[in-house]
Amino acid sequence: MKTCTIRFILLFLFFAGVSCSEKSEMKTAAAGKDSWPHVVPYLDSTPSAKDGQGTASVAPAGPFLAGAMTDFEIAFTVGEAGIAPGGFVILQVSPWWGWTTPQTLDPDGPGYTTVRTSFSDASTKAFTLQLGRIVVSSASRGFRHGETITFNLKDVRVDKFAEAEELFQIFTDADGDGHSRCIDKPPSVRVEAREAVRLEVTAPSQVRPGETIKVGAAPLDVLGNWSTMPPGRWRLSVIRNGHTVDDIAGEASGEEKRITIPYVFAEEGLFFFVVETASRLQGKSNVVFCRQGEPALNLYFGDIHGHSRMSDGTGTPGDYYRYARQVSGLDIAALTDHADYGTIPIDGAAWERIKDAANTAYEPGEFVTFLGFEWTNWKYGHRNVYYRDGDGPVFRSIDPESDSPQELWELLRPYEAMTAAHHVGGGPISTDWSIPPGPKEYFVEISSIHGTSEFLGGDSAVYHPVRGAFVRDALARGYRLGIVGGGDTHDGHPGQRSAGAPVTGLMGVYAKELTREAVWEAFRRRQVYATSGPKIILSFRAGDSPMGSEITWSRNQGPLPLAFRAICCEKIESVEIIRNGQAVFRTAGEGLTAQYLLTDPDPPSGTSSYYLRVKQADGNLAWSSPVWVTKN
């Protein structure tokens with residue numbers, strides 16, 4: 001596997017050029033390699049103080065409906081330092097999620113781009129680079145302060161996902177050394193959701209009789225973009241144990257992004273909430289378990305793996321957290337943009353913006369966020385890094401001092417931090433389990449939009465599977481890792497399955513309260529579990545110890561007690577207890593719930609891992625974290 005640095009260099013090695021034939025407009029033509037300017041990949045750049053100067057504007061600025069076609073004019077004004085001969089200006093259009101790639105060779109094709117200048121210089125050339133880049137350079141004259149370079153893009157399809165701030169980034173190399181930096185305030189456009197086609201309905205998973213909750217309903221378009229409620233009547237139907245027990249009606253003005261409906265539970269049972277509008281939008285909530293008593297630990301759901309436009313996703317960091325909380329109804333979220341993949345380095349102002357979004361969204365008792373980033377290593381596998389207290393540095397896998405897991409863990413030693421490997425069985429890159437997890441690695445991600453990584457050939461298994469890289473393989477090596485799910489979404493929709501993905505991933509967390517400290521402690525105890533998307537309620541114990549525990553069991557204690565409960569959002573197909581990679585108990589489902597107390601009559605000598613695996617009839621799955629049992 002090539003290193004990440006080499007991969008970035010390759011992105012810049014393929015581009016065609018155009019030559020200047022008029023005073024103000026450049027027409028397409030082939031250019032030889034001798035005329036190419038030296039361009040250092042963004043993430044490897046060490047820009048000077050002169051780089052990144054200038055201002056730019058875009059017209060029209062929108063808003064645009066997701067996936068709409070339009071033309072753009074981006075005008076750049078050269079900054080005070082100017083651009084030296086051999087330096088360049090780059091227009092970077094988002095290379096991801098539906099944006100038309102700009103090109104200069106086919107006038108009749110989408111994204112055709114012409115470049116005009118406010119000056120005349122026969123040596124000025126424009127080149128099209130891969131991944132949505134157009135570079136303009138002058139070999140002999142350079143560009144002077146106040147001069148303008150205007151890019152006209154025709155027949156451009158905008159992002160298919162809604163976002164408040166899609167950037168047209170402008171990078172400048174003022175001194176001609178190949179290093180560049182993005183201008184401070186690149187122009188941006190707003191992309192909005194299309195008409196809603198469904199409702200995402202959410203509610204707390206565990207409640208008590210007499211408790212009042214708020215049922216949320218958010219309208220989504222066909223790709224999951226957060227839309228607007230249609231005007232008119234809506235109705236909430238309350239379903240208890242399969243029967244409608246209550247109806248609540250209301251009116252939407254047509255301006256709401258979300259409606260919240262209070263509901264008081266009168267009795268125990270399994271509840272669903274169905275919201276329907278007069279225009280026939282409908283949504284059904286997750287299952288809600290209502291029973292008497294004060295639980296020792298509370299159940300919370302989270303998605304702590306996702307990306308924004310700060311790397312290769314879409315949307316802003318703030319939008320990411322708003323969607324997680326107000327649309328998906330999550331309790332816990334973390335944005336994990338790539339530290340070493342994207343169009344800007346995640347450091348400086350970019351890292352501060354990510355920090356600010358996480359810390360602003362954190363509301364103890366209501367919504368927990370963690371500061372994080374993805375360490376995107378193409379040799380050992382990808383890992384997310386999380387900080388408990390909302391602050392910490394970024395370490396890149398393309399830097400020599402942090403290009404191995406061991407080096408990363410050593411650099412994280414002074415911090416209250418943790419790491420987690422994801423899509424471990426394959427996908428973009430599998431995890432190298434020959435390197436044991438470090439002391440700050442408490443769990444592993446088993447499910448995401450890339451598929452599941454439970455075992456080779458498993459349900460909805462990850463693509464490009466690698467034998468020996470799955471979660472069961474890690475457990476077989478004796479690694480004591482809890483199990484979580486995480487979306488790895490790039491569409492700005494944490495907590496949702498991305499369009500075309502076989503599954504997604506969520507984590508269930510049993511914690512004393514909804515604070516960073518309490519949730520972090522639950523992470524450390526591995527009192528976590530995974531689902532492939534639904535908010536399935538799961539508990540599992542071995543020898544009267546909860547998931548994530550390590551226990552000893554002597555022969556004179558007799559059979560090992562095992563207990564579990566599963567409450568699903570759809571009919572259960574099967575429930576299994578997996579011991580050391582093999583099913584030692586299996587039962588077919590008979591509805592939404594399964595609850596058993598059983599025993600393993602003869603646990604193997606040595607240390608064994610036990611975990612619960614539940615499959616719904618619709619194919620969705622849930623996995624508990626293991627309990628490790630050492631038999632004396």
Participant: Taking the side chain as every heavy atom from C-beta outward, state whether L131 and V93 have any atom pair closer than 4.5 Å.
Facilitator: no

Participant: Will you find, in the side chains of N384 and Y386, an N or O donor that is under 3.5 Å from an N or O acceptor?
Facilitator: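 N384 vs Y386: donor-acceptor pair found between side chains.
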
Participant: Tell me whether D71 contacts the main-chain N or O of D155 through its side chain, where contact means a donor paired with an acceptor under 3.5 Å.
Facilitator: yes

Participant: How far apart are the closest heavy atoms of S402 and L411, and which atoms are they?
Facilitator: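 For S402 versus L411, the nearest heavy atoms are CB-CD1, 3.5 Å.
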
Participant: So, for F72 and F64, is the gap between ring centers shorter than 6.0 Å?
Facilitator: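 Yes, they do, as the ring centres are separated by less than 6.0 Å.
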
Participant: Where do K355 and D391 land on the salt bridge (charged side-chain N to carboxylate O under 4.0 Å, His left out) test, with the steps shown first?
Facilitator: CA-CA 7 Å; K355 283 185 193 177; D391 197 10; 2.7 Å; yes

Participant: Answer whether the closest heavy-atom distance between the side chains of W375 and T419 falls below 4.5 Å.
Facilitator: no

Participant: Verify salt bridge (charged side-chain N to carboxylate O under 4.0 Å, His left out) between E165 and R190, making sure each step is shown before the conclusion.
Facilitator: CA-CA 5 Å; E165 186 184 293; R190 182 180 183 87; over 6 Å; no

Participant: Output, in order, the C-alpha distance, side-chain angles, deciding distance and verdict of salt bridge (charged side-chain N to carboxylate O under 4.0 Å, His left out) for E163 and R322.
Facilitator: CA-CA 12 Å; E163 50 186 335; R322 280 186 287 272; over 6 Å; no

Participant: Determine whether H382 and I429 make a side-chain contact, defined as any pair of heavy atoms from C-beta on separated by less than 4.5 Å.
Facilitator: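 Sidechains of I429 and H382: in contact.
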
Participant: Determine whether the aromatic ring centres of F88 and H38 lie less than 6.0 Å apart.
Facilitator: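 So the answer is no for these two rings.
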
Participant: Compute whether any side-chain donor of one residue and acceptor of the other, for S279 and T277, lie under 3.5 angstrom apart.
Facilitator: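 Distance-only check passes for S279 and T277.
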
Participant: Can you tell me how far OH of Y323 sits from CG of N225, rounded to the nearest 0.5 angstrom?
Facilitator: 7.0 Å

Participant: What's the verdict on side chain to side chain contact (heavy atoms under 4.5 Å, CB included) for I354 and L371, showing C-alpha distance, side-chain angles and the deciding distance?
Facilitator: CA-CA 8 Å; I354 291 171; L371 176 65; 3.9 Å; yes

Participant: Step by step, would you call T452 with V503 a side chain to side chain contact (heavy atoms under 4.5 Å, CB included)?
Facilitator: CA-CA 8 Å; T452 68; V503 291; 4.2 Å; yes

Participant: Passes ring pair (Phe, Tyr, Trp, His ring centres under 6.0 Å), F370 versus Y387? Steps please.
Facilitator: CA-CA 6 Å; F370 293 104; Y387 293 104; over 10 Å; no

Participant: Just wondering, are more than 12 heavy atoms of other shown residues or ligands nearer than 6.0 Å to CD in E363?
Facilitator: yes

Participant: Calculate, to the nearest 0.5 Å, the distance between atoms CG and CD1 belonging to L506 and I304 respectively.
Facilitator: 11.0 Å

Participant: Before you tell me yes or no, could you show the steps for V327 and H493 under side chain to side chain contact (heavy atoms under 4.5 Å, CB included), namely the whole-Å CA-CA distance, both residues' side-chain angles and the distance that decides it to 0.1 Å?
Facilitator: CA-CA 9 Å; V327 175; H493 305 159; over 6 Å; no

Participant: Look only at the side chain of S498 and the backbone of A501, and say whether a donor-acceptor pair between them is shorter than 3.5 Å.
Facilitator: no

Participant: Identify the heavy atoms of S453 and V462 that sit nearest to each other, and give their distance.
Facilitator: OG-CG1, 3.9 Å

Participant: Taking the side chain from S137 and the backbone from G87, do they hold a donor-acceptor pair closer than 3.5 Å?
Facilitator: yes

Participant: Between P428 and H423, is any pair of side-chain heavy atoms under 4.5 Å apart?
Facilitator: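 With C-beta onward as the side chain, the pair touches.
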
Participant: Where do L412 and A417 come nearest, in terms of heavy atoms and distance?
Facilitator: CD2-CB, 4.1 Å

Participant: So that I know where these two stand, are F151 and F168 an aromatic pair - ring centroids less than 6.0 Å apart?
Facilitator: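 Judged by ring-centre distance (under 6.0 Å), F151 and F168 do not meet the cut-off.
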
Participant: Nearest 0.5 Å please: distance from the CG atom of L220 over to the CG atom of L199.
Facilitator: 7.5 Å

Participant: For atom NZ of K185, is the number of surrounding heavy atoms from other residues, nucleotides or ligands below 6.0 Å larger than 12?
Facilitator: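 12 or below, so no.
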
Participant: Can you list the steps and then say if T376 with D340 is a side-chain hydrogen bond (donor to acceptor under 3.5 Å, both in side chains)?
Facilitator: CA-CA 6 Å; T376 314; D340 30 28; 3.1 Å; yes

Participant: Kindly determine whether H307 and Y320 satisfy ring pair (Phe, Tyr, Trp, His ring centres under 6.0 Å), including the steps that lead there.
Facilitator: CA-CA 8 Å; H307 303 274; Y320 178 92; 8.6 Å; no

Participant: With a 4.5 Å heavy-atom cut-off, do W226 and Q326 have their side chains touching?
Facilitator: yes

Participant: Are W97 and H490 close enough that their ring centers fall under 6.0 Å?
Facilitator: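 Yes: the rings meet the under 6.0 Å criterion.
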
Participant: Hey, are the side chains of V385 and W409 touching, using non-hydrogen atoms and a 4.5 Å cut-off?
Facilitator: no

Participant: Checking the side chain of R157 only, and the main-chain atoms of G67 only, is there a donor and an acceptor separated by less than 3.5 Å?
Facilitator: yes

Participant: Going by the angle between their ring planes, with limits at 30° and 60°, are F119 and F143 parallel, tilted or perpendicular?
Facilitator: tilted

Participant: After noting the C-alpha distance and the side-chain angles of R396 and D399, does the key distance pass the salt bridge (charged side-chain N to carboxylate O under 4.0 Å, His left out) rule?
Facilitator: CA-CA 6 Å; R396 306 191 307 173; D399 294 332; 3.0 Å; yes

Participant: Would you check, one step at a time, whether the test side chain to side chain contact (heavy atoms under 4.5 Å, CB included) holds for D403 with I398?
Facilitator: CA-CA 6 Å; D403 63 359; I398 60 176; over 6 Å; no

Participant: Mark yes or no for whether S404, through its side chain, and E407, through its backbone, hold a donor-acceptor pair below 3.5 Å.
Facilitator: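 Yes; at least one donor-acceptor contact below 3.5 Å.
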
Participant: Backbone N or O of Y380 within a donor-acceptor pair of the D432 side chain at under 3.5 Å?
Facilitator: no

Participant: Looking only at the aromatic ring of each residue, does the gap between the centers of F367 and Y362 stay below 6.0 angstrom?
Facilitator: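 Judged by ring-centre distance (under 6.0 Å), Y362 and F367 do not meet the cut-off.
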
Participant: With a 4.5 Å heavy-atom cut-off, do Y341 and E374 have their side chains touching?
Facilitator: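 Sidechains of E374 and Y341: no contact.
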
Participant: Main chain of D488, side chain of S448: is a donor-acceptor contact present, judged purely on distance under 3.5 Å?
Facilitator: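 Flag not set: sc S448 to bb D488 has no pair under 3.5 Å.
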
Participant: I'd like to check I183 versus F76 (side-chain heavy atoms, cut-off strictly below 4.5 Å). Are they in contact?
Facilitator: yes

Participant: Determine whether a donor-acceptor pair (N or O, by modelled atom type, separation under 3.5 Å) exists between the side chain of H464 and the backbone of G426.
Facilitator: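 Such a contact is absent between H464 side chain and G426 backbone.
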
Participant: Charged N to carboxylate O below 4.0 Å: is that the case for E73 and R116?
Facilitator: yes

Participant: If I take atom CG from residue D51 and atom OG1 from residue T172, how far apart are they, to the nearest 0.5 angstrom?
Facilitator: 5.5 Å

Participant: Give a yes or no answer on whether the side chain of E200 reaches the backbone of S328 with a donor-acceptor pair at less than 3.5 Å.
Facilitator: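 It does not hold such a pair.
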
Participant: Between the side chains of D121 and S138, does any donor sit under 3.5 Å from an acceptor?
Facilitator: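 Side-chain D/A pair, D121 to S138: present.
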
Participant: side-chain hydrogen bond (donor to acceptor under 3.5 Å, both in side chains) for D491 and T314? Distances and angles first, verdict last.
Facilitator: CA-CA 5 Å; D491 53 14; T314 191; over 6 Å; no

Participant: Is a side-chain donor or acceptor of D173 paired with a backbone partner of S180 at a separation under 3.5 angstrom?
Facilitator: no

Participant: Atom OG1 in T70, atom CG in L153: separation rounded to 0.5 Å?
Facilitator: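 Going from the OG1 atom of T70 to the CG atom of L153 covers 10.5 Å.
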
Participant: Looking at the rings of H338 and F373, which for Trp means the six-membered one, are their centres under 6.0 Å apart?
Facilitator: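 No.
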
Participant: Between V115 and A126, what is the shortest heavy-atom contact and its length?
Facilitator: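 Looking at all heavy atoms of both residues, the closest pair is CG2-CB, 4.1 Å.
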
Participant: Going from CZ on R133 to OG1 on T343, what distance comes out if it is rounded to the nearest 0.5 angstrom?
Facilitator: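 Taking CZ in R133 and OG1 in T343, the distance rounds to 7.5 Å.
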
